[in-house]
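These figures come from a predicted structure and were not determined experimentally.
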Amino acid sequence: GTPWMTFGSYWMGIKLVKMDESLTQIAGSPQEWHTIASRYRYWKLDDRDAGDTENSDVEAPFIFRKNGYYYLFVSWDRCCSGEESTYKVVVGRSGDITGPYLDRAGQKMVHGGGTLVIKGNEHYAGIGHNAAYTFGGTDYLVAHGYALSEEGRSRLLILEIEWDEDGWPHVFLNEK
């Protein structure tokens, strides 16, 4: 019942803040900001450069609550480059909304950790900028992918999430 907002991108990682009841302001005095995911960013990159290099990009956070955990889904790597996109979705989980979010191997997402959920294949160059929802008792990942059969045009994907016996999500893309 407590409203939270997660946001962020390449520069300083993914942030989480508590919102007030109006949902128009950050709650608290002093305000509490939490960094919940980040990746290494080469210090010489100009601040005007989003990065766009492998192993540094992180964006598009979405938190999904299931079975006592908060799952933090984020997108890694290059977006918005059509057939050259390398976008993928990774996840970590925590018992507390403020983290720490750990991947399957126990690495903190704030230190670059993340367990792969889905990436491109022979039909899509990259898949990312995701959200997770439950409809009719089934969990879905909603994302966009760059269709290789359409010269990298972005397409909406709605894919069922499967959960393994340890409570980790997996999404399979077996069709065009």
Side-chain angles (χ1 to χ4, degrees), residues 4-17 35-64 66 70-93 101-105 107-136 138-164 168-176:
W4 292 86
M5 180 173 69
T6 184
F7 61 95
S9 202
Y10 303 89
W11 292 270
M12 300 299 286
I14 304 300
K15 307 294 183 195
L16 177 78
V17 295
T35 301
I36 56 175
S38 64
R39 294 179 83 195
Y40 172 78
R41 179 177 167 80
Y42 183 56
W43 67 275
K44 287 188 176 183
L45 278 178
D46 188 297
D47 283 343
R48 293 169 291 188
D49 185 350
D52 224 15
T53 58
E54 294 296 318
N55 303 318
S56 68
D57 304 341
V58 58
E59 68 165 356
F62 194 91
I63 295 177
F64 182 73
K66 185 172 181 75
Y70 295 93
Y71 289 85
L72 173 60
F73 293 86
V74 297
S75 295
W76 276 4
D77 299 333
R78 183 173 294 141
C79 170
C80 313
S81 299
E83 294 173 305
E84 302 302 315
S85 297
T86 58
Y87 230 17
K88 59 187 66 71
V89 176
V90 300
V91 70
R93 69 183 183 191
Y101 287 87
L102 307 176
D103 65 15
R104 182 185 278 277
Q107 184 169 345
K108 293 180 180 179
M109 288 185 78
V110 76
H111 295 147
T115 298
L116 183 65
V117 176
I118 191 168
K119 65 179 184 174
N121 64 9
E122 67 274 9
H123 302 292
Y124 289 90
I127 299 169
H129 214 111
N130 57 270
Y133 294 97
T134 303
F135 296 107
T138 302
D139 299 327
Y140 294 94
L141 186 83
V142 179
H144 67 88
Y146 298 96
L148 293 171
S149 65
E150 299 177 50
E151 299 177 348
R153 178 176 285 166
S154 184
R155 290 288 177 218
L156 174 67
L157 302 171
I158 302 173
L159 306 166
E160 187 173 340
I161 299 173
E162 297 180 17
W163 300 87
D164 70 18
W168 288 97
H170 301 277
V171 176
F172 301 99
L173 182 64
N174 295 324
E175 57 188 67
K176 293 183 181 183

If only atom types and distance count, is the side chain of [X] paired as donor or acceptor with the main-chain N or O of [Y] below 3.5 Å?
X	Y	result
Asn121	Leu173	yes
Thr6	Lys15	yes
Lys88	Thr86	yes
Arg39	Gly112	no
Thr115	Arg104	yes
Ser85	Cys79	no

Any side-chain heavy-atom pair from [X] and [Y] closer than 4.5 angstrom?
X	Y	value
Tyr70	Leu72	no
Tyr146	Ser81	no
Trp76	Val58	yes
Ile63	Trp4	no
Glu162	Val171	no
Phe7	Val17	yes

Aromatic rings Phe64 and Phe73: how do their planes relate, parallel, tilted or perpendicular, breaks at 30° and 60°?
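Rings of Phe64 and Phe73: perpendicular, over 60°.
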Below 30° counts as parallel, above 60° as perpendicular, anything between as tilted: where do the rings of Trp168 and Tyr71 land?
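Geometry flag for Tyr71 against Trp168: perpendicular rings.
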In terms of heavy-atom contacts, does CD of Glu84 have more than 12 from other residues, nucleotides or ligands at under 6.0 Å?
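Incorrect, the count does not exceed 12.
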Just checking Lys108: does its NZ atom have more than 12 heavy atoms from other residues, nucleotides or ligands closer to it than 6.0 angstrom?
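Open.
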With Glu150 via salt bridge (charged side-chain N to carboxylate O under 4.0 Å, His left out) - residues at least two apart:
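Result, salt bridge (charged side-chain N to carboxylate O under 4.0 Å, His left out) vs Glu150: Arg155.
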Rounded at 0.5 Å granularity, tell me how far [atom1] in [X] sits from [atom2] in [Y].
X	Y	atom1	atom2	value
His111	Leu102	NE2	CG	11.0 Å
Tyr101	Ile14	OH	CD1	11.5 Å
Asp103	Leu116	CG	CG	11.0 Å
Glu160	Thr138	CD	OG1	5.5 Å

Run through Glu83, Glu122, His123 and flag the one making a side chain to side chain contact (heavy atoms under 4.5 Å, CB included) with Leu148.
Glu83
If the test is side chain to side chain donor-acceptor pair (under 3.5 Å), which one of Arg78, Glu59, Lys119 qualifies with Tyr87?
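Looking at Arg78, Glu59, Lys119, the match for Tyr87 under the side chain to side chain donor-acceptor pair (under 3.5 Å) is Glu59.
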